[in-house]
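Heads up, the thing below is written out as structure tokens.
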There are 2 protein chains.
Amino acid sequence: MEIENKLCSKVEECYHILGKKWVGLVIHTLMEEPKRFSEIHAFIPNLSKRVLNERMKELEENGIVLRNVIADRPVRTEYSLTKKGTELGRSLKALENWADKWL
Amino acid sequence: MEIENKLCSKVEECYHILGKKWVGLVIHTLMEEPKRFSEIHAFIPNLSKRVLNERMKELEENGIVLRNVIADRPVRTEYSLTKKGTELGRSLKALENWADKWL
DNA sequence: ATAACTAGGTAACTTTATGTAACCATAATA
DNA sequence: TATTATGGTTACATAAAGTTACCTAGTTAT
């Protein structure tokens with residue numbers, strides 16, 4: 001029975017995504033329903049607008065989140081999870097169950 | 001049907017733990033079997049000794065990891081997952097399955 | 001008309017976190 | 001005697017995150 005002696009790159013990549021500050025909470029927050037920039041910010045008040053904006057761009061690039069600019073006045077932006085993002089959120093439920101039991 | 005308007009502190013806390021760099025990979029690495037300091041370092045070469053040591057102290061304080069100093073010469077230190085840590089590792093499997101499918 | 005407010009940012013600057021390189025003590029080995 | 005291994009620590013450099021002020025365009029209050 002061999003012991004693996006190097007990490008799978010997919011495993012490394014997923015922890016690289018989740019290892020950035022606030023990412024987990026943002027995805028958790030979007031699992032309920034799509035939300036606007038200021039709504040996410042209201043749910044996670046300690047997350048600054050600067051970093052929130054940065055995280056949303058990264059999550060969009062990763063195909064986890066979809067940005068929908070609504071040409072209303074004032075302009076609104078709605079963020080929603082893609083299929084990929086929704087499945088990520090579902091897999092994070094296991095982690096949250098662990099938290100509920102152990103923290 | 002109410003929409004939750006604030007985050008559960010347990011949820012916040014678990015993402016606070018997992019949101020620190022390298023934590024996920026360290027737990028993943030220890031799921032196989034207990035490992036010494038230098039073995040973890042060999043599995044995750046980009047993780048510096050300074051930060052590895054810091055992370056292990058934090059994980060020990062969180063009750064996720066157990067540090068066992070072996071009074072051999074030279075002194076060795078073996079890190080293993082507690083029950084709490086093992087269950088965390090199991091819950092992270094869902095995330096890794098997501099990674100395998102989507103990344 | 002003018003001041004203040006909203007939404008979703010951006011810019012400049014400060015503070016933390018992380019990365020890097022050198023060093024330590026002990027004992028074993030060459 | 002010099003070198004290696006282990007599990008760190010220290011001092012310093014860079015990257016990431018936090019803070020405050022500002023922006024544009026339209027809206028509401030005075």
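The chains referred to below are lettered A, B, ... by the order of the sequence lines, with proteins before strands, and numbering in each begins at 1.
- Across every non-hydrogen atom of Phe37(A) and Lys49(A), the tightest pair is CZ-O, 3.7 Å.
- At a threshold of 4.5 Å between non-hydrogen side-chain atoms, the residues Lys21(A) and Val51(A) do not count as touching.
- Going from atom CG of Asp72(B) over to atom P of dT29(C) covers 11 Å, rounded to whole Å.
- When side chains are defined from C-beta on, Leu25(A) does not count as touching Leu47(A), because their heavy atoms never get closer than 4.5 Å.
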Close N or O pairs between protein and nucleotides 2-9 of chain C (under 3.5 Å):
| unit_1 | atom_1 | unit_2 | atom_2 | d |
| --- | --- | --- | --- | --- |
| dG8(C) | OP1 | Thr77(A) | N | 2.8 |
| dG8(C) | OP1 | Thr77(A) | O | 3.4 |
| dG8(C) | OP2 | Ser38(A) | N | 3.1 |
| dG8(C) | OP2 | Ser38(A) | OG | 2.7 |
| dG9(C) | OP2 | Thr77(A) | OG1 | 3.4 |
| dG9(C) | OP2 | Tyr79(A) | OH | 2.7 |
| dG9(C) | O5' | Asn53(A) | OD1 | 3.3 |
| dG9(C) | N7 | Lys49(A) | NZ | 2.8 |
| dG9(C) | O6 | Lys49(A) | NZ | 2.6 |

Which side-chain N or O atoms in residues 85-95 of chain B pair as donor and acceptor under 3.5 Å with protein atoms at least two apart or in another chain?
| unit_1 | atom_1 | unit_2 | atom_2 | d |
| --- | --- | --- | --- | --- |
| Thr86(B) | OG1 | Thr82(B) | O | 2.8 |
| Glu87(B) | OE1 | Lys101(A) | NZ | 3.2 |
| Glu87(B) | OE1 | Trp102(A) | NE1 | 3.0 |
| Glu87(B) | OE2 | Lys101(A) | NZ | 3.3 |
| Glu87(B) | OE2 | Lys83(B) | NZ | 2.6 |
| Ser91(B) | OG | Leu88(B) | O | 2.8 |

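- Of the residues in residues 14-27 of chain A, Lys21(A), Trp22(A) come within less than 4.0 Å of DNA chain D through at least one heavy atom, sorted by number.
- Straight-line distance from the CG atom of Leu52(B) to the P atom of dG19(C): 11 Å, rounded to whole Å.
- Running 5' to 3' along DNA chain D, contacts with non-hydrogen atoms of chain B at under 4.0 Å begin and end at dT6(D) to dA11(D).
- In this structure, the side-chain contact (heavy atoms from CB on, under 4.5 Å) partners of Asn46(B), at least two apart in sequence or on a different chain, are Trp22(B).
- A salt bridge is defined here as a Lys NZ or Arg NE, NH1 or NH2 lying under 4.0 Å from an Asp or Glu carboxylate O, and Glu54(B) with Arg50(B) meets this definition.
- For the pairing with Thr77(B), the side-chain contact (heavy atoms from CB on, under 4.5 Å) check across Arg67(B), Lys35(B), Arg36(B) returns one residue only, Arg67(B).
- Inter-residue side-chain proximity for Val26(A) and Met56(A) is flagged as met; some heavy-atom pair is nearer than 4.5 Å.
- Spacing between atom CZ of Arg50(B) and atom P of dT20(C) amounts to 11 Å, rounded to whole angstrom units.
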Acceptor/donor pairs from residues 9-19 of chain B side chains to any protein atom, 3.5 angstrom cut, sequence neighbours excluded:
| unit_1 | atom_1 | unit_2 | atom_2 | d |
| --- | --- | --- | --- | --- |
| Lys10(B) | NZ | Asp100(A) | O | 2.9 |
| Tyr15(B) | OH | Glu96(A) | OE2 | 2.6 |

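- When all heavy atoms are compared, the tightest approach of Lys84(B) to Asn62(B) is NZ-O, 2.7 Å.
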